[in-house]
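Just below is one structure, and these are the notes that go with it.
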Amino acid sequence: MSTREIPFLDLVTVHRDFREELRSVFETALDTAGFIGGPLVQAFERDFAEFCESKVCVGMASGTDALRLALIAAGVQPGDTVVTVPLTFIATTEAVSQAGARPDFVDIDERTYTMDPEKLRAYLETECTPDPKTGRVVSKRTGRPVTAVIPVHLYGQMAEMDPILELAARYDLIVIEDACQAHGAEYLSKKEDRWRKAGSMGRAAAFSFYPGKNLGACGEAGAVTTDDDELARRCQMLRDHGQSRKYFHDVEGYNGRLDAIQAGLLRVKLRHLAKWNEQRRERARGYDGLFADAQGRVVLPHVPSWSRPVYHLYVVRVADREELQKDLAVAGVGTGIHYPIPLHLAKAYETLGFRPGDFPVAEHAASQVLSLPVFPELSAEQQHRVVTEVLRSMAARERGGLR
Ligand SMILES: Cc1ncc(COP(=O)(O)O)c(C=O)c1O
């Protein structure tokens, strides 16, 4: 990579300052043969639960496992309908399908890109009917009970949880937070008059420690957080072949355990997470300032007064995204698109029968969002160059348009 190139993400530099500490995790695992479960996993689970202000953390093999097993442990049954948003990574809905349920969607808020509570309300009031026998709501479309909702804390910003939790309580829905992109993000709950951490508000939450996340492993890893001891116990069983103790299988489970070496590495990195999140916020403020004069042409991330995001991604919106992305690539600036196709229109979900126009806000956002480089080591000079290249590309096309 030339020094002029600005990567979308830098997963090499981040580990330089504490390589020895990371190496010592391997030594510990080799010396003790503690590869599966054991003290490395338990210590990380304790520390991560504390970080999330949650009672328990159950380490998992990935964020997808965490979501799937949290749904099952919380009581989602095969055939149920689970509501989420179309603008998310497919793991959110894969977990629903793999739990035997069927995903359904409500649209996102235009500015935060997270679940629009008003759309959830409208869905429950107009697209569902109460089942006189069970009292639960049934989706008119699927004919199946709607039993859970997954708000996704996208790009490092939490969904508007108070109204979502209120609706969930009214309609008896299980809330599982998809916190896979939101380690350390906070939400100001008006109801409770205090800031709440991602992973501490739903019945349970799922985190991913995929390497590029704000807290990333050096491989695959994930976790469930919850205040519910019984749900945590079920997750512990489900991740370990349904065992309540060795070879006593109370239910059929999965192989979804958190690798002990990854847990040890994550515990070392967790000590840096608050600082890294603050550095990401500084980079975001840097971009906000540098783009101030381009507002309107470049739509910047919106942060409501109730949100303290951790900028897993810094996502702007532009009308001519594809051309801009190409120009940036030529200039050596790495970017990403999260996500180009809203899930209701993904080929994988053709059989669900959705059409273009069903979730217009998500569809429009998906056609315009562009993620710029944001990571703790990104320098002010690099940021300056990213913004210069964005503005140069846009100005060139504007000039072209005037001719
Ligand atoms: C929103 C969201 N949900 C779920 C996942 C799944 O996590 P994993 O890749 O660890 O299985 C991810 C991570 O990529 C994600 O971004």
Side-chain angles (χ1 to χ4, degrees), residues 8-9 11 44 48 52 57-72 82-99 101 103 105-106 108 112-115 148-159 161 164 175-185 198-199 202 204-225 235 238-239 254-259 262-263 265-266 269 280 309-315 336-344 346 348-349 362 365-366 369 371 374-375:
F8 178 59
L9 189 61
L11 292 179
F44 171 69
F48 193 65
C52 295
C57 164
V58 183
M60 295 283 180
S62 68
T64 312
D65 279 351
L67 270 172
R68 183 192 335 110
L69 301 191
L71 287 165
I72 298 170
V82 175
V83 196
T84 188
V85 284
L87 193 68
T88 177
F89 183 55
I90 192 170
T92 313
T93 45
E94 282 175 336
V96 172
S97 306
Q98 291 164 7
F105 300 102
V106 295
I108 54 168
T112 62
Y113 310 126
T114 55
M115 181 175 280
V149 56
I150 309 181
V152 180
H153 303 325
L154 199 72
Y155 306 153
Q157 172 149 276
M158 286 180 71
M161 291 301 286
I164 294 172
V175 178
I176 304 292
E177 297 168 67
D178 184 337
C180 287
Q181 300 187 3
H183 319 68
F207 286 88
S208 165
F209 305 121
Y210 189 74
K213 301 295 196 228
N214 289 30
L215 178 63
C218 302
E220 301 278 359
V224 169
T225 54
C235 283
L238 287 166
R239 75 174 170 183
Y254 301 80
N255 180 349
R257 295 173 298 240
L258 170 60
D259 180 288
Q262 295 305 334
L265 300 171
L266 284 165
K269 293 183 73 176
R280 284 172 181 272
V310 289
Y311 295 97
H312 171 55
L313 297 168
Y314 186 90
V315 177
I337 297 176
H338 302 88
Y339 295 91
I341 302 183
L343 291 179
H344 65 291
Y349 294 121
V369 287
S371 309
V374 66
F375 47 88

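All ligand and atom numbering here is 1-based and tracks the order in the structure.
Residues His183 and Phe207 have side chains in contact (heavy-atom distance under 4.5 Å, counting atoms from C-beta outward).
Atom NE2 of His153 sits about 3.5 Å away from atom CD of Glu177, to the nearest 0.5 Å.
Every atom of ligand 1 with a heavy atom of Gly63 under 4.0 Å away is listed here by number and element: 7 (O), 8 (P), 10 (O), 11 (O). Ligand 1 places these atoms under 4.0 Å from at least one heavy atom of Thr88: 1 (C). The atoms of ligand 1 that sit less than 4.0 Å from any heavy atom of Ala91 are 4 (C), 5 (C), 6 (C). Residue contact check: Thr92 has heavy atoms under 4.0 Å from atoms 3 (N) of ligand 1.
The side-chain tip of Arg280 does not point at the ring of Phe375 from less than 6.0 angstrom away and within 45° of straight on.
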**OP:** Report the C-alpha distance between Phe89 and Glu94 in whole Å, list the side-chain angles of each, state the deciding distance to 0.1 Å, and finish with yes or no for side-chain contact (heavy atoms from CB on, under 4.5 Å).
**Re:** CA-CA 9 Å; Phe89 183 55; Glu94 282 175 336; 5.5 Å; no
Subject >> Residue pair Phe48, Phe209: steps toward the ring-ring contact (aromatic ring centres under 6.0 Å, His included) verdict >> reply: CA-CA 12 Å; Phe48 193 65; Phe209 305 121; 5.1 Å; yes
**OP:** Dump the intermediate steps for ring-ring contact (aromatic ring centres under 6.0 Å, His included) on Tyr311 and Tyr155, then the final yes or no.
**Re:** CA-CA 6 Å; Tyr311 295 97; Tyr155 306 153; over 10 Å; no
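Screening Thr84, Val85, Ile150 for a side chain to side chain contact (heavy atoms under 4.5 Å, CB included) involving Thr93 leaves a single residue, Thr84.
Taking only nitrogen or oxygen atoms, main chain and side chain alike, Glu220 does not reach within less than 3.5 Å of ligand 1.
Scanning the protein for heavy atoms near atom 11 (O) of ligand 1, the closest one is Thr64 OG1, 2.5 Å. In terms of protein heavy atoms, atom 9 (O) of ligand 1 is closest to Ser208 OG, 3.9 Å.
With a 4.0 Å cut-off on non-hydrogen atoms, Asp178 touches ligand 1 through its side chain and not its backbone.
When the heavy-atom distances from atom 2 (C) of ligand 1 to Ala95, Cys180, Ala221, Gly212 are ranked, the shortest goes to Cys180. Considering each of Lys213, Met60, Gln181, the one bringing a non-hydrogen atom nearest atom 13 (C) of ligand 1 is Lys213.
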